[in-house]
2 protein chains.
Amino acid sequence: MSAATTLKRSRQRDAILAFLKTRKDHPTADTVYMSVREEFPNISLGTVYRNLTLLTDLGMIQKLSMGAGVPDRFDATIVPHYHFVCTECGNVMDLDMNTMEEVNRIAGAGFDGYIAGHVTYFYGQCNHCLNAKNNC
Amino acid sequence: MSAATTLKRSRQRDAILAFLKTRKDHPTADTVYMSVREEFPNISLGTVYRNLTLLTDLGMIQKLSMGAGVPDRFDATIVPHYHFVCTECGNVMDLDMNTMEEVNRIAGAGFDGYIAGHVTYFYGQCNHCLNAKNNC
DNA sequence: ATAATTTCAGTAATCATTACTGTTTTGTTT
DNA sequence: AAACAAAACAGTAATGATTACTGAAATTAT
């Protein structure tokens, strides 16, 4: 059905991907927009969203959905890894740990469907927020 | 600071909680709205949201945030348990497995903040959708 | 260069959720 | 039991993130 639509390069998409690769803090679409705007003052937020979605579909970046209200975040690191969300400042950071493949088996043991994978977010207080508290 | 605001009962809130307790499929706010409407035709969606949020804050129900775009779901079962999301039909169901307390330790090992807990969703195809596929 | 098609900028629309406002309930106090 | 103060309501408007639409500009193959 779907005619294989040929992908054309665009300066805007290149800039969006390039920016994401410089960041380790999983920026939101709006943050990407603000930054890429410096190079392309006329870029529109819709273009940022469209390209972030496209890059995600292409498997070149990954989208992190953090729950209702909170905006999505984007990560140029596509190798599987877990994330930590600070409940104080809302920042999202990478965790240095192996993927827990075995939990899929554990979950599947008492379940009559197929478990393809899992998404886990750890939460708590980041180092920075812990230190800020001690300074009272 | 905050003057302890006294909670007053309301028929609407009672109905919302009663409905949630009859369901095992974690309905959305809109589903709750549709149902409670049968008893209270004039109830407004805002009332449903306000009470779902209030009940969540009171710890009487729990809110499941499933990521951007997708509406929140609500669960009258407050004992900790994991959830499965079917990528075909979008239904959310309970998993019969123990909570994995130890993964917080594992995650905290190489991290310099405080890990309070984790949220995990398993995904894949539910039994119903698997069977539907085989019937082609 | 030209044509075919994608991508763009700008803007409007959508969807879930929250906030506001004047009225109704509720629980308490006489 | 009537009166009062506070909470909750219905109805509606506003918000915030994201997607869809439209005519113009950029990209790639011919």
Side-chain angles (χ1 to χ4, degrees), chain A residues 2-20 26-58 60-74 85 90 92, chain B residues 2-19 26-58 60-75 85 90 92:
Chain A
S2 58
T5 164
T6 58
L7 185 67
K8 287 185 180 172
R9 162 175 267 194
S10 89
R11 304 162 181 290
Q12 289 88 340
R13 184 161 60 241
D14 288 349
I16 289 167
L17 181 57
F19 169 71
L20 257 195
H26 322 85
T28 63
D30 200 63
T31 303
V32 175
Y33 174 55
M34 291 306 187
S35 171
V36 178
R37 237 176 158 179
E38 290 168 16
E39 189 180 350
F40 295 91
N42 291 342
I43 198 171
S44 83
L45 187 53
T47 297
V48 173
Y49 271 106
R50 179 162 29 77
N51 281 302
L52 287 173
T53 302
L54 176 58
L55 289 168
T56 301
D57 291 345
L58 291 174
M60 300 178 72
I61 64 174
Q62 90 182 105
K63 184 202 280 201
L64 311 178
S65 293
M66 325 291 310
V70 202
D72 286 344
R73 289 167 171 275
F74 297 87
V85 185
V92 178
Chain B
S2 57
T5 165
T6 58
L7 185 68
K8 288 185 178 172
R9 162 176 267 195
S10 89
R11 305 164 180 289
Q12 289 88 340
R13 183 160 60 241
D14 289 348
I16 288 167
L17 181 56
F19 169 70
H26 322 85
T28 62
D30 200 63
T31 304
V32 175
Y33 174 55
M34 291 306 188
S35 172
V36 178
R37 236 176 160 179
E38 290 167 16
E39 189 181 350
F40 295 90
N42 290 342
I43 198 171
S44 82
L45 187 54
T47 297
V48 173
Y49 270 106
R50 180 162 26 77
N51 281 302
L52 287 172
T53 302
L54 177 56
L55 289 168
T56 301
D57 291 345
L58 292 173
M60 300 177 72
I61 65 174
Q62 88 183 106
K63 184 203 281 202
L64 311 178
S65 292
M66 324 292 309
V70 202
D72 286 344
R73 290 168 171 273
F74 296 88
D75 188 348
V85 185
V92 177

Nearest-nucleotide pick for A:R11, side chain only, options being D:dT27, D:dA10, C:dT17: D:dT27

Nearest non-hydrogen partners of A:Y33 and A:L45, listed with the distance: CE1-N, 3.5 Å

Rounded distance in Å - CG (B:N51) to C1' (C:dT18): 14 Å

Options C:dT18, D:dT27, C:dC8, nucleotide nearest the side-chain atoms of A:Q12: C:dC8

Any A:L7 side-chain heavy atom under 4.5 Å of A:L58 side chain: yes

Nearest-nucleotide 5' precedence on DNA chain D, B:L45 against B:R9: B:R9

Main-chain N/O of A:R50 paired with A:R13 side-chain donor or acceptor, under 3.5 Å: no

Between P of D:dA8 and CG of B:D57, the distance in whole Å: 12 Å

Value in whole Å for how far the P atom of D:dG11 lies from CD1 of B:I43: 10 Å

pair A:L55-A:L20: side-chain heavy atoms closer than 4.5 Å: no

Sugar-phosphate, base or nothing in reach of B:D30, heavy atoms under 4.0 Å: nothing

Nearest-angstrom distance from the residue atom CZ of A:R73 to P of D:dA17: 11 Å

Heavy-atom side-chain contact between B:V36 and B:T47 under 4.5 Å: no

Nucleotide nearest B:R13 (side chain, heavy atoms from C-beta), chosen from D:dT27, D:dA8, D:dT18: D:dA8

Distance-only donor-acceptor test (3.5 Å): side chain A:K8, base C:dT6: no

Side chains of A:T56 and A:T53, donor plus acceptor under 3.5 Å: no

B:Y49 side chain near C:dT18 phosphate (N/O to OP1/OP2, under 4.0 Å): no

Whichever of B:S10 and B:G46 has its nearest DNA chain C nucleotide further upstream toward 5': B:G46

Proximal nucleotide (of D:dG11, C:dA9, C:dT18) relative to the A:T47 side chain: C:dA9

Contact under 4.0 Å: A:N42 side-chain N or O vs D:dA25 OP1/OP2: no

Between P of D:dA8 and CD1 of B:I16, the distance in whole Å: 12 Å

Atom pair distance, as rounded to whole Å: CD in A:E39 and P in C:dA9: 12 Å

Atom pair distance, as rounded to whole Å: CE in B:M34 and P in C:dA16: 11 Å

Nearest-neighbour nucleotide for the B:L7 side chain, D:dA10, C:dA9, D:dA8 considered: D:dA8

Residue B:T53, side-chain heavy atoms: nucleotide from C:dT18, D:dA10, C:dT17 that is nearest: C:dT18

Nearest-nucleotide comparison on DNA chain C, the residue closer to the 5′ end among B:A29 and A:R50: A:R50

Atom-to-atom span, OH of B:Y33 to C1' of C:dC15 - whole angstrom: 15 Å

